[in-house]
Student: 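Mind having a look at this structure? Questions to follow.
We count residues from 1, following the sequence as given.
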Amino acid sequence: MLGNFFLSKNTYFLLLVNSTASWITFQQSVKLHHLVESHNSITVSVCGRRAGVQELESRFLVPGDLLILTGNKVQMPCDAILIDGSCVVDEGMLTGESIPVTKTPLPKMESSMPWKTQSEADYKRHVLFCGTEVIQAKGACSGTVRAVVLQTGFNTAKGDLVRSILYPKPMNFKLYRDAIRFLLCLVGTATIGMIYTLCVYVLSGEPPEEVVKKALDVITIAVPPALPAALTTGIIYAQKRLKKRGIFCISPQRINVCGQLNLVCFDKTGTLTRDGLDLWGAVPCDRSGFQEVHSFVSGRSLPWGPLCAAMASCHSLILLDGTIQGDPLDLKMFEATTWEMAVSGDDFHIKGVPAHAMVVKPCKTASQVPVEGIAILHLFPFSSALQRMTVIVQEMGGDRLAFMKGAPERVASFCQPETVPTSFVSELQIYTTQGFRVIALAYKKLEMDHHTTAFTRDKVESDLIFLGLLILENRLKEETKPVLEELISARIRTVMITGDNLQTAITVARKSGMVSESQQVILIEANEITGSSSASISWKLIEEKSIAYSNQDNYINIKEEVSDHGREGSYHFALSGKSFQVLSQHFSSLLPKILINGTIFARMSPGQKSSLVEEFQKLDYFVGMCGDGANDCGALKMAHVGISLSEQEASVASPFTSKTPNIECVPHLIKEGRAALVTSFCMFKYMALYSMIQYVGVLLLYWETNSLSNYQFLFQDLAITTLIGVTMNLNGAYPKLVPFRPAGRLISPPLLLSVILNILLSLAMHIVGFILVQRQPWYSMEMHSACTVQNESISKLTISPTAPEKIGSNGAFTSFENTTIWFLGTINCIIVALIFSKGKPFRQPIYKNYIFVLVLVIQLGVCLFILFADIPELYRRLDLLCTPLLWRVYIIIMLSSNFIVSLVVEEAIIENRALWTTFKRCFGYQSKSQYRIWQRALADDPSWPPLNQTSYSDMPECGRGVSYSNPVFESNEEQL
């Protein structure tokens, strides 16, 4: 296909070619410049309105087209790989980058290797994702920024995100499955009643249309149509209560799931700790070792030197509309130098420095700075895999230098050994154990006669001179420790998943109370297969005051000798993302054992966070995830309950968003979830009992070929049940988290027993009333009033026995049986509502639900008024008959007896946790949850954990001999 397409004049031009053959060659990684030459290009610029780029839909592109970016603020219409020039893009939630990042071109190698493997570390640094915003585009020698289209439409990163939002993972909550099963049981019960009705009415000689109508009535009585609405009401009330606390929900069904949470994962930075990093100080060094700490809190500027130059230039900041933007850490570091940033103009002529380069200059008030400024020539961007970044700079009128910044242990490995102080390990340990974030800096001089493009990263990052350490402070939020203590006291596991280094994560875990002082932390270090050696895993106990272990990330203190007491006490595992990856690949049989006590997971990538959450779910944990950054989006989406502390990218992926940026929302959410779950069960039990009460009463009246009248049905349905359904759910959450969860299933023994016993009690009461009324001395089939004859108006209701007729509003006989059954059923509905409205320990006491209590009092007062009132017109409207006062007292006695027995059963048996625990112990019942099974197995294993040991993947007990799987776990993601 060949053709032209214009969106607007001088704004967009697109030439499409048939690129199938070329796309195949691209996938096979034939030389990139051949690929570029074989395609026409599409020019994207922003000469006109910015919205115009939205009209350039990805369907006009095909994989293999060449995309040329000119100008700023272009939203990418496709996934493309950068092959010439560099870009600064804002990827947002698409890839987990919450700040603008720099994209570099794919290296033009002669190798025939696949293009993804040509990258030094992460290939994504060369990819421009669909939907991201290109903030700046800087061309290379040719002056243009070129990229090749990789994917379009729903195959892009933006397409994946949109698809996950439009089609979220299904909620696999047992409550709703059990509700359907329970409704099917009610349908079965209704079927039995329908057969009974057919038999009774056919044998009575009723007309066929009457038989069919009565039989169908039974189905509508036994299966309550208002049940879904009643269950939804409780969730709506909980959602409103959460909104008042500043917690917003886009998936109300998840509120019930919150009540089942027993493990909550937390991000560290911005979640447990404060958002921003503050530059606490710098520790310069020279040949003699570390010098005195320079504190930035005092307001003194850092003296001029290589360390100051590194802080001013070794960053990825950009100047956009006169504002400096970029990584907050870079921004804090640059601001501490009090230097200024500018872009060189066309009149900027310095040898080796291109036009429009980023230049940093000392402020006008700065003194004793021998250089006019520093131009940033080339940037090797930061990579989490490499844990470092490097820049090539040119001092104005001075030398050409290279500066490196990154994790201390990584930077030190690239430096000349004699330049790294001998006290490097102990100095680093001093700050990391206090929870500081430590960054190391290094530099070297470069030759002036080489062009910057001639320098490879390997050549630049070698034989560096160590400059010193930057100390950044990241404090705990005030709310963190009390919240974690509350969750732990409620026996809810807390886990930290962070991208920060392991030592800092362990320190924060101890300070926050996630790991108590009496508990030990065991470091798990796993190494991949290298050469002839197989993958290995080692366990080492971390001790606060001991010699540092030189091979560990940030030099964690390792205690070499472990007492037997250490094995018996409580312990937590700590490991890095790299170790987690090796465990998943080579030690799958050990992974669940480690996850049972795994608490600290550091250096975790966004993908590893999602995988960890899924692994916890495979152990049958109900997992909550609380985070604030775009890199938490995957884990927030994967968890049963995702809680975002940010209103930015993370809020799109998570069902809950807290307006208050601290973790206080987590216990509030769990409390409301438990209250909503208990409310759902109470409402379900009540609706089931209400339908069964009506069902039993109607079937008893059918025995006499009688039924309730329309007004009697309406009174029970509207005046009683509807008002109770609306107000019964108003109970708020109990303010304290108890160390156990409410039942999560409708078919749990206590709940089923409660429903069955109350049905039997109601059935017994109705049968007793039905039989006793027929044995009263004043009972007569011919009489329609048994009141005193003194009341002339009531005696007029007496109908001659020679002319019996149906005077009910729906053709039902007004009879003593009808009157008795209706009063028993109506007041019993009120009694059941009172008994089933649970308070502590998950909801506020019933007396605090003022509206509900008022409704019950009014309903009970109205019913008693009708029972004792002797008002003929009222009785006639409700199709009731007047009965002697003594019989009305009998009705009250039967209802009172039913109330007392039902209340005793609920409190002494159904809600008696000690009794059910004893039953479980006597019958040897044990939880079938995977994590409980593993806990029991590990408790009986004296060799676990294997401290101070190293295992290899080729060992039979450590390899894949026993694969880990959970047969009942259902993946939350659709299989596409």
Student: Give a yes or no answer on whether the side chain of Asp879 reaches the backbone of Ser709 with a donor-acceptor pair at less than 3.5 Å.
Tutor: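 Here the side-chain-to-backbone pair does not exist.
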Student: With side chains defined as the heavy atoms from C-beta onward, is the minimum distance between Ser837 and Arg843 less than 4.5 Å?
Tutor: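 Touching, per the 4.5 Å side-chain cut-off.
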Student: Could you walk me through whether Phe770 and Trp703 satisfy the ring-ring contact (aromatic ring centres under 6.0 Å, His included) test, starting with their C-alpha distance in whole Å, then the side-chain angles of each, then the deciding distance to 0.1 Å, before giving a yes or no?
Tutor: CA-CA 11 Å; Phe770 185 79; Trp703 185 258; 8.5 Å; no
Student: Does any part of the side chain of Leu708, heavy atoms only, come nearer than 4.5 Å to the side chain of Trp822, both counted from C-beta?
Tutor: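 Result yes, sub-4.5 Å side-chain heavy-atom pair found.
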Student: What heavy-atom pair brings His668 and Leu242 nearest, and what distance separates the two atoms?
Tutor: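 Closest approach of His668 to Leu242: O-CD2, 4.4 Å.
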Student: If you round to the nearest 0.5 Å, how far is CG of Leu737 from CD1 of Ile488?
Tutor: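 CG of Leu737 is found 12.5 Å from CD1 of Ile488.
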Student: Tell me if the CZ atom of Phe248 is crowded by more than 12 foreign heavy atoms within 6.0 Å.
Tutor: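 More than 12 heavy atoms, drawn from other residues, nucleotides or ligands, come within 6.0 Å of this atom.
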Student: Grab the two heavy atoms, one from Lys838 and one from Val678, that are nearest each other, plus how far apart they are.
Tutor: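 Heavy atoms of Lys838 and Val678 come nearest at CB-CG1, 4.2 Å.
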Student: Got a second to check how far Thr918's OG1 is from Arg913's CZ, nearest 0.5 Å?
Tutor: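 Between atom OG1 of Thr918 and atom CZ of Arg913 there are 11.5 Å.
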Student: Return the minimal non-hydrogen interatomic distance between Gly259 and Pro742, and the atom names on each side.
Tutor: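 So the two residues come closest at O-CD, 3.7 Å.
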Student: Would you check if Cys863 and Phe715 make a side-chain contact, meaning some heavy-atom pair closer than 4.5 Å?
Tutor: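 They are in contact (side-chain heavy atoms under 4.5 Å apart), so the answer is yes.
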Student: Does the side chain to side chain contact (heavy atoms under 4.5 Å, CB included) test come out yes or no for Leu261 and Ile492, once each step is laid out?
Tutor: CA-CA 7 Å; Leu261 290 183; Ile492 297 173; 5.5 Å; no
Student: How far apart are the C-alpha atoms of Glu907 and Leu903, what are their side-chain angles, what is the distance that settles it, and do they pass the side chain to side chain contact (heavy atoms under 4.5 Å, CB included) test?
Tutor: CA-CA 6 Å; Glu907 296 299 326; Leu903 185 63; 4.2 Å; yes
Student: Name every donor-acceptor pair, under 3.5 Å, that has one atom in a side chain of residues 217-231 and the other anywhere in the protein, sequence neighbours excluded.
Tutor:
| residue | atom | partner | partner atom | Å |
| --- | --- | --- | --- | --- |
| Thr220 | OG1 | Asp217 | O | 2.7 |

Student: Please answer whether the main-chain N or O of Tyr702 pairs with a side-chain N or O of Asn706 as donor and acceptor at a distance below 3.5 Å.
Tutor: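 Judged by distance alone, no pair lies under 3.5 Å.
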Student: What are the two closest heavy atoms between Ile247 and Cys665, and how far apart are they?
Tutor: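 Nearest pair, atom of Ile247 first, then Cys665: CD1-CB, 3.6 Å.
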Student: Can you tell me if Leu752 has over 12 outside heavy atoms packed within less than 6.0 Å of its CG?
Tutor: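 Correct, the count exceeds 12.
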Student: Return yes if some donor-acceptor pair links the side-chain N/O of Thr722 with the main-chain N/O of Asp717 below 3.5 Å, else return no.
Tutor: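 A pair under 3.5 Å: yes.
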Student: Are any side-chain N or O atoms of Glu486 and backbone N or O atoms of Pro667, one a donor and one an acceptor, separated by less than 3.5 Å?
Tutor: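 No, Glu486 side chain to Pro667 backbone: no donor-acceptor pair under 3.5 Å.
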Student: Taking the inter-plane angle between the rings of Tyr621 and Tyr931 on a 0 to 90° scale, is it parallel (under 30°), tilted (30 to 60°) or perpendicular (over 60°)?
Tutor: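 Aromatic pair Tyr621/Tyr931 classed parallel.
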Student: Any side-chain heavy-atom pair from Ile866 and Phe823 closer than 4.5 angstrom?
Tutor: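 Yes, their side chains come closer than 4.5 Å.
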Student: Donor-acceptor pair, distance only, cut-off 3.5 Å: does the side chain of Arg674 make one with the backbone of Gln260?
Tutor: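 No: the side chain of Arg674 does not pair with the backbone of Gln260.
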Student: If you measure from OG1 on Thr814 to CD on Gln712, what distance do you get to the nearest 0.5 Å?
Tutor: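 Result: 9.5 Å between the selected atoms.
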Student: Are any non-hydrogen side-chain atoms of Ser707 and Lys214 less than 4.5 angstrom apart?
Tutor: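 The answer is yes, as the side chains (C-beta and beyond) meet within the 4.5 Å cut-off.
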Student: Side-chain contact, heavy-atom cut-off 4.5 Å: Ile720 with Thr826?
Tutor: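 Ile720 reaches Thr826 side chain to side chain.
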Student: Does the ring-ring contact (aromatic ring centres under 6.0 Å, His included) test come out yes or no for Trp778 and Phe816, once each step is laid out?
Tutor: CA-CA 10 Å; Trp778 43 264; Phe816 295 119; 5.1 Å; yes
Student: To the nearest 0.5 Å, how far apart are CG in Leu669 and CD1 in Ile643?
Tutor: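 Rounded to the nearest 0.5 Å, the CG-CD1 separation comes out at 5.0 Å.
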Student: Do the side chains of Leu867 and Ile892 get nearer than 4.5 Å, heavy atoms only?
Tutor: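 They are in contact (side-chain heavy atoms under 4.5 Å apart), so the answer is yes.
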Student: Does atom CZ (Phe868) have a neighbourhood of more than 12 heavy atoms from anything else shown, all under 6.0 Å?
Tutor: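 Count over threshold, so yes.
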Student: Search all heavy atoms of Leu757 against all heavy atoms of Val905 and return the closest pair with its distance.
Tutor: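 That closest heavy-atom pairing would be CD1-CG1, 3.4 Å.
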Student: Donor-acceptor pair, distance only, cut-off 3.5 Å: does the side chain of Asn758 make one with the backbone of Ser754?
Tutor: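 Yes; at least one donor-acceptor contact below 3.5 Å.
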Student: Take a 6.0 Å sphere around CZ of Phe865 and say whether it holds more than 12 heavy atoms from other residues, nucleotides or ligands.
Tutor: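 Check fails, neighbour count at 12 or below.
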Student: Given 3.5 Å as the limit, does a donor-acceptor pair link the side chain of Tyr686 with the main chain of Phe836, or not?
Tutor: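 No: the side chain of Tyr686 does not pair with the backbone of Phe836.
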Student: Looking only at heavy atoms, which two atoms of Ala833 and Leu856 are closest? And how far apart?
Tutor: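 Answer, listing the atom of Ala833 first, then Leu856: CB-CD2, 4.3 Å.
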Student: When rounded to the nearest 0.5 angstrom, what distance separates OG1 in Thr819 from CG in Leu881?
Tutor: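 Result: 4.5 Å between the selected atoms.
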Student: How about Arg181: does its CZ atom have over 12 heavy atoms from other parts shown lying under 6.0 Å from it?
Tutor: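 More than 12 within 6.0 Å, yes.
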Student: Quick one about Gln774 and Glu704 (side-chain donor to acceptor, distance below 3.5 Å, no hydrogens or angles considered), yes or no?
Tutor: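 Yes, side-chain donor-acceptor contact under 3.5 Å.
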Student: Can you check whether Pro735's main-chain N or O pairs, donor with acceptor, with Lys671's side chain at less than 3.5 Å?
Tutor: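 Confirmed, Lys671 side chain pairs with Pro735 backbone.
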Student: Would you say Thr679 and Asn729 are linked by a side-chain donor-acceptor pair, where the criterion is simply a distance under 3.5 Å?
Tutor: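 No, no side-chain donor-acceptor pair sits under 3.5 Å.
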Student: Strictly below 4.0 Å, N to O, side chains only: are Arg877 and Glu873 in salt-bridge contact?
Tutor: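 Answer for the salt bridge query: yes.
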Student: Between Lys848 and Asn731, is a side chain to side chain contact (heavy atoms under 4.5 Å, CB included) present by the stated rule, with each step listed?
Tutor: CA-CA 7 Å; Lys848 288 194 174 183; Asn731 284 50; over 6 Å; no
Student: Looking at Lys240 and Glu672, is any side-chain nitrogen of the basic one under 4.0 Å from a carboxylate oxygen of the acidic one?
Tutor: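 No, this pair does not count.
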Student: When rounded to the nearest 0.5 angstrom, what is the spacing between CD1 in Ile236 and CZ in Arg241?
Tutor: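 Reported value, rounded in 0.5 Å steps: 11.5 Å.
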Student: What I want to find out is whether Lys685 reaches Glu906 closely enough, with some N-O distance under 4.0 Å, to be called a salt bridge.
Tutor: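 Yes, this pair counts.
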Student: For atom OH of Tyr734, is the number of surrounding heavy atoms from other residues, nucleotides or ligands below 6.0 Å larger than 12?
Tutor: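 No, not enclosed.
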Student: Please step through side chain to side chain contact (heavy atoms under 4.5 Å, CB included) for the pair Ile933 and Gln926, ending with a clear verdict.
Tutor: CA-CA 9 Å; Ile933 295 173; Gln926 292 181 324; over 6 Å; no
Student: With no hydrogens and no angle check, is any side-chain donor or acceptor of Ser927 less than 3.5 Å from a backbone partner on Ser929?
Tutor: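 Yes, Ser927 side chain to Ser929 backbone: donor-acceptor pair under 3.5 Å.
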Student: Using only atom types and a distance under 3.5 Å, with no angle test, would you say the side chain of Asn262 pairs donor to acceptor with the backbone of Phe622?
Tutor: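 Yes, because the side chain of Asn262 sits within donor-acceptor range (under 3.5 Å) of the backbone of Phe622.
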Student: Evaluate the side-chain proximity of Leu701 to Glu817: yes if any heavy-atom separation is below 4.5 Å, no if none is.
Tutor: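 SC-SC contact between Glu817 and Leu701 confirmed.
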